[in-house]
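In what follows, a structure is listed as structure tokens, so that the remarks can point back to it.
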There are 2 protein chains.
Amino acid sequence: MMDGSKPKVSTKSKRRQRAPNAPPTGEAMFAQRAVKSLAETLYQDLHKSIVAMDILPGTPLSENEIAAAMGVSRTPVREAILRLSDEKLVEVVPKSGTFVARIPVSALPAAQIARRALEIETTCAAARRATKEDIVALRDIISRQYAIVETGDNSDYHVVDDELHAKIAEIARLGSLWDMVQQVKTQIDRCRKLTLHDPGRKSFVTVQHEKVVDAIEAGDEELASQRMWDHIMGLQLDLPSMVQEYPNYFIPDMDLTAT
Amino acid sequence: MMDGSKPKVSTKSKRRQRAPNAPPTGEAMFAQRAVKSLAETLYQDLHKSIVAMDILPGTPLSENEIAAAMGVSRTPVREAILRLSDEKLVEVVPKSGTFVARIPVSALPAAQIARRALEIETTCAAARRATKEDIVALRDIISRQYAIVETGDNSDYHVVDDELHAKIAEIARLGSLWDMVQQVKTQIDRCRKLTLHDPGRKSFVTVQHEKVVDAIEAGDEELASQRMWDHIMGLQLDLPSMVQEYPNYFIPDMDLTAT
DNA sequence: CGGTTTTAACTTGTATATTAGATATTGCGA
DNA sequence: TCGCAATATCTAATATACAAGTTAAAACCG
């Protein structure tokens, strides 16, 4: 590199210099992320698999294996795993191994409480702000839920369920609260995959949804939040028996006999 | 790679084989993370600098520059930046640059609401569970706050402030809620750095803290949460004037004239 | 001199190589 | 057979190298 064959005079060394405190000006800022990075894709895939309990807690995840299996290098795999580690979906043990995270028992009641608090707030705000168009959108989602209940197709119900909650948050202009709910909800979702679901429950839940929307339409904050409360509290996990049945999937960091 | 010069007979290929669904058994699991990884250190440093507004929104962050300055490779720097990106503290524009994130205006009211909801929940639970020892610990923190108020040392007050809220969450056995609060609080904290603080305010806040603790000691959920509400709502940011004064530090993704 | 094109230097994204630590197996000695 | 030490081979952590894309300044042209 020390050769003297520079085409002309050395071009004054400093070329591109961005002014300090200059936000990006180029067009890349507006790109719609047409191509997801490999790391992003891998992250989404792994996230989905872990939350769906397709990969069970405790399962070793090898960066090398995944990289080889997906035909990419370790770097994007690693970046995906680090993100999952921040979300407590994998446990990285330095120099030793990476494992699908076991579910910390203590996180489950806390998650339920946090979710309840956030969704109540969201529901109240939605009841205050909802327009006629918003109500139409909500009822559309509910009708799609009823359609799924009819067909009995299990897989898609929770997606539309989430869609409703997301829409309520959007109406409340509190989308970021729904993002938080989604985060805390993941461990609960993983638990739910461990239990068989009452087939009549989906119908029951949809009716609950409808009642919430009724109250939002009426602008009755109190009633709407009460109904949302009932809806969320309706999901009760039998922790002790679950932990007993699948001890390897949990971190028993809480006394289950206590409150 | 196709050579046939394997040293001996291939040693039965499979050696170390970890049983499926086997959580880690080694001692590394219990290591107290004696040595923080470079990535972790860099993350903490950058996080601190950004939240303290030592690095202003819009400032370009070059992975190469940081790596060179710290005498490490790009890899740990990159991992730190990716984490900050997940927390919305930096904006990464692919193939273009990385910048200290501007503050999304819409996130601020939402953060306030989320924080309020979570801390109310925490305070109620703490009022139910607090023991005599817990109250002693809380009062100790408050006395340290008063000490800081006396000296007028600005820098450490917010640390002890956070300590109190963290302790309340710990008493409530809802530490994870405090973790969530800390996350949403960061953008608010960055804003607060932009405004001069009333020197009498610290004293006022400490009195509020004391009143909250009084209510917790009395086991009065209602009163405690009411006082916590007042305490949290006492912090009002004058968004319009802040955005006007520092337009480059904000993303104006919300109509400030509306509610 | 103004507008356009070229181009080189900068960016992050990904791939590969090296390093250092953890651990299950192995082999040895009692 | 049991306990223990040696070691091979796994792991994640870090370093380096390369590729693909962006952008601002320089070169060119009118």
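Sequence lines set the chain letters: A, B, ... in the order given, protein chains first and strands last, and positions in each chain run from 1.
Between the CG atom of B/N64 and the P atom of C/dG13 there is a distance of 12 Å, given to the nearest Å. Straight-line distance from the CD atom of A/E91 to the P atom of D/dA12: 13 Å, rounded to whole Å. The interatomic distance linking A/E63 (CD) with C/dT14 (C1') rounds to 14 Å, in whole Å. Across the protein-nucleic acid pair, A/E40 atom CD and C/dT12 atom C1' stand 15 Å apart, rounded to whole Å.
Here salt bridge (Lys or Arg N to Asp or Glu O under 4.0 Å) pairs that include residues 40-53 of chain A, with residues two or more places apart or in two chains, are A/E40-A/R83. Screening residues 51-67 of chain B for salt bridge (Lys or Arg N to Asp or Glu O under 4.0 Å), with sequence neighbours left out, gives B/E63-B/R74, B/E63-B/R78. Annotation: salt bridge (Lys or Arg N to Asp or Glu O under 4.0 Å) contacts involving residues 108-118 of chain A, sequence neighbours excluded, comprise A/R115-A/E119, A/R116-B/E121.
Residues passing the side-chain contact (heavy atoms from CB on, under 4.5 Å) test with A/E87 are A/Y43, A/H47, A/L89, A/Q183, sequence neighbours excluded. Residues forming a side-chain contact (heavy atoms from CB on, under 4.5 Å) with A/T195 (at least two apart in sequence, or on another chain): A/H197, A/M242. In terms of the side-chain contact (heavy atoms from CB on, under 4.5 Å) criterion, residue partners of B/L108 (sequence neighbours excluded) are, by chain and number, B/I103, B/Q187, B/I188, B/C191, B/L239, B/F250. Qualifying side-chain contact (heavy atoms from CB on, under 4.5 Å) partners for A/L38, counting only residues two or more places apart in sequence or in other chains: A/V72, A/P76.
Near DNA chain C, defined here as any heavy-atom distance below 4.0 Å, the residues from residues 73-84 of chain B are B/R74, B/R78, listed numerically. Near-neighbour residues of DNA chain D inside residues 41-48 of chain A, defined by a heavy atom below 4.0 Å, are absent.
Within 6.0 Å of the CD atom in B/Q244, the count of heavy atoms belonging to other residues, nucleotides or ligands does not exceed 12.
For the side chain to side chain contact (heavy atoms under 4.5 Å, CB included) criterion with B/F99, the lone passing option out of B/L61, B/V93, B/T59 is B/V93.
In this structure, A/S96 does not reach the C/dG21 phosphate: none of its side-chain N or O atoms is under 4.0 Å from OP1 or OP2.
Where B/E65 and A/V72 each meet DNA chain C at their nearest nucleotide, the meeting point lying more 5' is that of B/E65. Position along DNA chain C of the nearest nucleotide to A/K95 versus A/L38 favours A/L38 as the more 5'-ward residue.
When distances are taken from the side chain of A/A39 to each of C/dT23, D/dT22, C/dT14, the shortest belongs to C/dT14.
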